[in-house]
Number of protein chains: 4
Amino acid sequence: MAQSDQKKIKRTRPEVMDAIRDSAIAEFALHGLKGASTQSIAERAGLSKAQLHYYIESKEDLYEKILEHVVDEWIRVFSFGDVELGPRRVLSDYVRKKLEFSFDQPLLSRIFANEMMRGAPVLTPMMSRPRTRTAHAVECINHWIEQGLMRTLDPMLLMMNIWSLTQYFADFEYQARYMLRVKEGQPLDQEHIIAEVTAFVLQGCGVVAED
Amino acid sequence: MAQSDQKKIKRTRPEVMDAIRDSAIAEFALHGLKGASTQSIAERAGLSKAQLHYYIESKEDLYEKILEHVVDEWIRVFSFGDVELGPRRVLSDYVRKKLEFSFDQPLLSRIFANEMMRGAPVLTPMMSRPRTRTAHAVECINHWIEQGLMRTLDPMLLMMNIWSLTQYFADFEYQARYMLRVKEGQPLDQEHIIAEVTAFVLQGCGVVAED
Amino acid sequence: MAQSDQKKIKRTRPEVMDAIRDSAIAEFALHGLKGASTQSIAERAGLSKAQLHYYIESKEDLYEKILEHVVDEWIRVFSFGDVELGPRRVLSDYVRKKLEFSFDQPLLSRIFANEMMRGAPVLTPMMSRPRTRTAHAVECINHWIEQGLMRTLDPMLLMMNIWSLTQYFADFEYQARYMLRVKEGQPLDQEHIIAEVTAFVLQGCGVVAED
Amino acid sequence: MAQSDQKKIKRTRPEVMDAIRDSAIAEFALHGLKGASTQSIAERAGLSKAQLHYYIESKEDLYEKILEHVVDEWIRVFSFGDVELGPRRVLSDYVRKKLEFSFDQPLLSRIFANEMMRGAPVLTPMMSRPRTRTAHAVECINHWIEQGLMRTLDPMLLMMNIWSLTQYFADFEYQARYMLRVKEGQPLDQEHIIAEVTAFVLQGCGVVAED
DNA sequence: GATGAATGAGGGTTCATTCAT
DNA sequence: TATGAATGAACCCTCATTCAT
C-alpha cells in the first residue's frame, strides 16, 4: 500500500531485506512454501521479480531463513522462567508471553504451523541442536510435582497442551473471531482471553491457589 | 506407485471418485488450495490430468467439496451429548471423540486448519446455516456452572480450548511425535494422550470428582 | 432450451441431424470453424460429445456440409429472373429476396462471410462448377444497358454492390440495430429497409422510372 | 518463417510490440477472438509463448487493444467533410477514403466485422462515447435534402449503405477477386472500383450532376 | 544496483476424437 | 444406438530463475 504511493524512495539494503522478509512472511503464511509466488512477494515488497532475486538466493532459501527467524524468535521470547518462582508464577508468565506473541505475530505462528502440517521437511534438517529448553521445562514441572505444587501429570503433554492452547489464537484467529463474534477490524479482548486460558491451565495442572 | 505396475484394473466410477478424493485430501493437506497441483492429485489417483478433469469440475470445486465433507463429518461425529449426563461424562466423551478423529483423520483436520489460516475464504460463503451446535454446547456449560458442577468460566472459550487441545494431535502430529520421541511408523500412545488431555480438561473446568 | 426441458424424447435420425445442423450453424456463425467447439455444438443439440461424433464424421466435415447447404440455399433462392421483365422488376425482386434471406437466415450468411474473410479455404475446393448464374446475370445487365434501360456501368461490380448492400443486414445486424436504435428483441422495419435499398439500387443503376 | 532463420536480431520494445500487434491482427482477422491462438500469434511475431505473455496481458486484452485501435483509426480517417462543399464532393471523398482504407487495411476491417457478427460482445462495453460523428453526417445529409441537392431518403440507411458498399472490398476481398478474376498476388483495379462505387452512390442518392 | 528480457517447465483446463461396452 | 471413459495434444497463462545490460 504505502510503497506504491511514494515513488523511488531509495532504501538501504537492510530496509529492502526487511521489506522482503515481511512480504514473504505474509505470503508464506497465506499459501505455504509451494503456494507462495515470488511474484507476489516481490510486489508486496515493491520490487520487481528480477530485483527480488538479486536479494535472495531462491524461494526455498528465503523460506528457510524465515523459518529460522521464527524459531529464533520463539527461543528468544519463550524462556520458561525460574523453578524457584513456583508453577503459578512461571506458568502464568509463560502462557501470557505465548498468547501475546500469538496476538502480535500470528503470521509467524502460521508459517510454523504450515511447516509442521507438512511434516516439517524444511525444519527437520535445521533442528540438529538438542532441545535443552524443553528438557529444562520438563525438569521444572517434575520438580514441582514432586514438591506437591501441582498434580501428577505427564510434563511433556502439559507443554504440548499449553502450546496448542496458546498457538490457537494465532493459527485460528479467524475461527476465534467467528466464535467470539469479533469483526475483522476490531481487536480481540486479549486480557479476558489471557485470564481465561491462564486459569484453565493452572486449574488443569492442579496448581494450588496462593494463600 | 503400485498402481502404475498393474495395468488396467478397471475401477467403478465411485471407486475412482474415492481415489480422487483421497488423493486430493492428501495434496490439499500438504500444500493447501493454491499449492496443490492437479498433476499430483491425478498421479496419486492413478489418472492422467485429462482423465482427472473428466471426473471433477475444477480444482476449486474439488476443494470445496472436500471442505464440505470435512464440515459434514464434524457435524456428524461431534455431538455434544446430553446435559443430564453431567459435565464429567459429556466432556470426557467429547474430548475422546475429538481426539480419536484427530488420530484417525489428521488430513481432514489439516485441510480445515489451512483454510482457517488463510481467513476461510472458501468456507465463509458456504457457512450460512446458524451455529446451533455451538449454541447448544454453550447452554449446557452454562447450565452446569449454574448447578455448581463446574467452576465459573467463559463457555465459548472453553469450547475453543478443547478444540485446540484436541485438534493439535492432527495438525501438529509431527511435532507431537518429535516431542514424545515416537518414530514415523509407530503409533502414538493414544490412550495415554486421551487420559491426560481428558484429565487436563476436567481439572481445568473444575469438574468435581465423582465420589 | 426446449431440448433440456423434455427428457428423452427419442428423435429420429433426421431429426437429430437437423438439430445438429442448427446447433452447428449457430456455433460456426458465432466463432467460425476454428473457434467453434464440438462440445458446444453437442450441448446445443442436446447430445453428448460422443453421441455427436456418432452422427458426424468430424468438425471439418460438418462445417463443409453446412457450407454446401448455404451455397445450395442461395442457388435455390436467388434466381436472377427473366431479362424480358426489365431491370426495374428483376432488380427489385432480387434485392427483396436477398434482403428477406438476410432477415430470416442471418446465421447462414455469417458463416459464409466468415469463410470468405478467411480466404475461402474450405469453399474453394468445393467450387468446381462454373459460375453460370453470375454469367447469366451479367448478360442480362449488359443487355439492359444496350437497350438503354439503365446507365452504363460494370455489371459485375453492380452485382457485388447489391451483394454487399443486402448481405449487410445479416452480417452486421448488430450494427444496424445500433444505428437504427432498435433493441435486441424488437424486429427491424424490414419493409422500410427494403424500400430504401431498392430505391437506392434502382437509382444507382439509373433505371428509368416507369411511366 | 523468415525470422526463424536469422537468429537474434535484437528488436526494441516498440518493434516487438508492433510485431505482436501485426501478428495478432492477422490471427484475429483469420480466426476471430476464440479461434486465434497465442501460439500462432507468438510464432508469427518470432516469439515464444512465454515471451509473448511477457509483452501482453492476455489474449482478451490484446484483442481489446486492437479493437480500440481499429475504432480509433476509423474515427481518425473517416471525417465526413464540410456541408458547404456539397454532397457530390463530400460523398465522393468519403467513399474514396473508405475504399482506400479497405484496400490498404482489410484485416482491420475483418476483425471489426467478426466482432460485429458475434454481437459486439467486446466492443459494446467500450462504446460509451456518443456517436457524434454519425449524428453530424445525418445532419449534413438532411440539410442537402432540404436544399434539393439530393433526393429524399433515410440518411441513416444511406450511411449504412455506403458502409456496406465500401467495407465489402475488405471483408469479401477474396470473393471480389474471384468474381473479377484477379489472382491472389495481383492488385485489384482500385481506381475503377472507386469510380464505379462512387458513381453508384451519387446516382443512388440522386445527387444532381455538376454543371 | 537495477532493469528488461528470456527461458523452459509447469500451472489448470479444454480439445477433437476414439473405443469399449 | 447410446454411454462412460480414455487419450494425447493443445489451450491460455504463470512459474522460478537467469542473464545481459
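Below, read A as the first sequence line, B as the second, and so on, with proteins coming before strands; counting in each chain starts at 1.
- Between A:Thr12 and C:Ala36, the residue anchored nearer the 5' end of DNA chain E, judged by the nucleotide with its closest heavy atom, is A:Thr12.
- You'll find that the side chain of C:Arg13 is closest to F:dT1, out of E:dG12, E:dA6, F:dT1.
- Contacts between residues 23-30 of chain C and DNA chain E, defined by a heavy-atom separation under 4.0 Å, are absent.
- Here the side chain of B:Gln51 is nearest to one of E:dA5, E:dA2, F:dA6, namely F:dA6.
- Here the closest non-hydrogen pair linking B:Glu27 and B:Ser37 is OE1-N, 4.4 Å.
- When all heavy atoms of C:Lys49 and C:Thr38 are compared, the closest pair comes out as CD-OG1, 3.7 Å.
- Taken from CD1 in D:Ile25 to CD1 in D:Ile66, the straight-line distance is 5.0 Å, to the nearest 0.5 Å.
- Sequence neighbours left out, not one pair with a member in residues 29-50 of chain A passes ring pair (Phe, Tyr, Trp, His ring centres under 6.0 Å).
- To the nearest 0.5 Å, atoms CG (C:Leu67) and CG (C:Asn114) are separated by 10.0 Å.
- Taking a pair as Watson-Crick or G-U with both hydrogen-bonding distances under 3.5 Å, the stems of three or more pairs touching DNA chain F are E:2-21 with F:2-21.
- Atom pair B:Glu43:CD and E:dG10:P shows a separation of 11 Å (rounding to whole Å applied).
- When the nearest nucleotides of DNA chain E are assigned to D:Val16 and B:Gly35 by heavy-atom distance, the more 5′-ward of the two goes with D:Val16.
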Under 3.5 Å between N/O atoms: give me all the protein pairs with nucleotides 17-21 of chain E, atom names plus distance.
residue: E:dT17; atom: OP2; partner: C:His53; partner atom: NE2; Å: 2.9
residue: E:dT17; atom: OP2; partner: C:Lys59; partner atom: N; Å: 3.1

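- C:Ser48 comes within contact range of no nucleotide atom at all, as no heavy-atom separation falls under 4.0 Å.
- Taking atom CG on A:Leu47 and atom C1' on E:dG1, their separation rounds to 12 Å, with Å as the unit.
- Between the CZ atom of D:Arg11 and the P atom of E:dA5 there is a distance of 11 Å, rounded to whole Å.
- The NE2 atom of C:His31 sits 14 Å away from the C1' atom of E:dT14 (whole-angstrom rounding).
- Atom-to-atom, OH of B:Tyr63 to C1' of E:dG12 comes out at 17 Å; the value is rounded to the nearest Å.
- In terms of phosphate contacts, C:Gln39 brings no side-chain nitrogen or oxygen within less than 4.0 Å of OP1 or OP2 of E:dA16.
- When the P atom of F:dA16 is taken as reference, atom CG of A:Leu52 falls 10 Å away, rounded to whole Å.
- A:Glu73 pairs by the salt bridge (Lys or Arg N to Asp or Glu O under 4.0 Å) definition with A:Arg76, not counting sequence neighbours.
- Contact record, B:Asp171 with B:Ala113: OD2-CB, 3.6 Å, taken as the closest heavy-atom pair.
- Across every non-hydrogen atom of B:Met116 and A:Tyr174, the tightest pair is O-CB, 3.8 Å.
- Summarising the geometry, the separation between CD on A:Glu15 and C1' on E:dG1 is reported as 15 Å, rounded to the nearest angstrom.
- Proximity of a side-chain donor or acceptor of B:Arg110 to a complementary backbone N or O of B:Ala170 within less than 3.5 Å is detected.
- Distance CE (D:Met17) to P (E:dG4): 14 Å, rounded to an integer number of Å.
- Applying the side-chain hydrogen bond (donor to acceptor under 3.5 Å, both in side chains) test to pairs two or more places apart or on separate chains, those with a residue in residues 55-64 of chain C are C:Asp61-C:Lys65, C:Tyr63-C:Glu115, C:Tyr63-C:Arg118.
- The distance from the CG atom of D:Leu47 to the NE2 atom of D:His53 is 11.0 Å, given to the nearest 0.5 Å.
- Map D:Lys34 and B:Lys34 each onto its nearest nucleotide of DNA chain F; the residue landing nearer the 5' end is D:Lys34.
- In plain terms, the two heavy atoms of D:Arg11 and D:Gly46 that are nearest each other are NH2-O, 3.7 Å.
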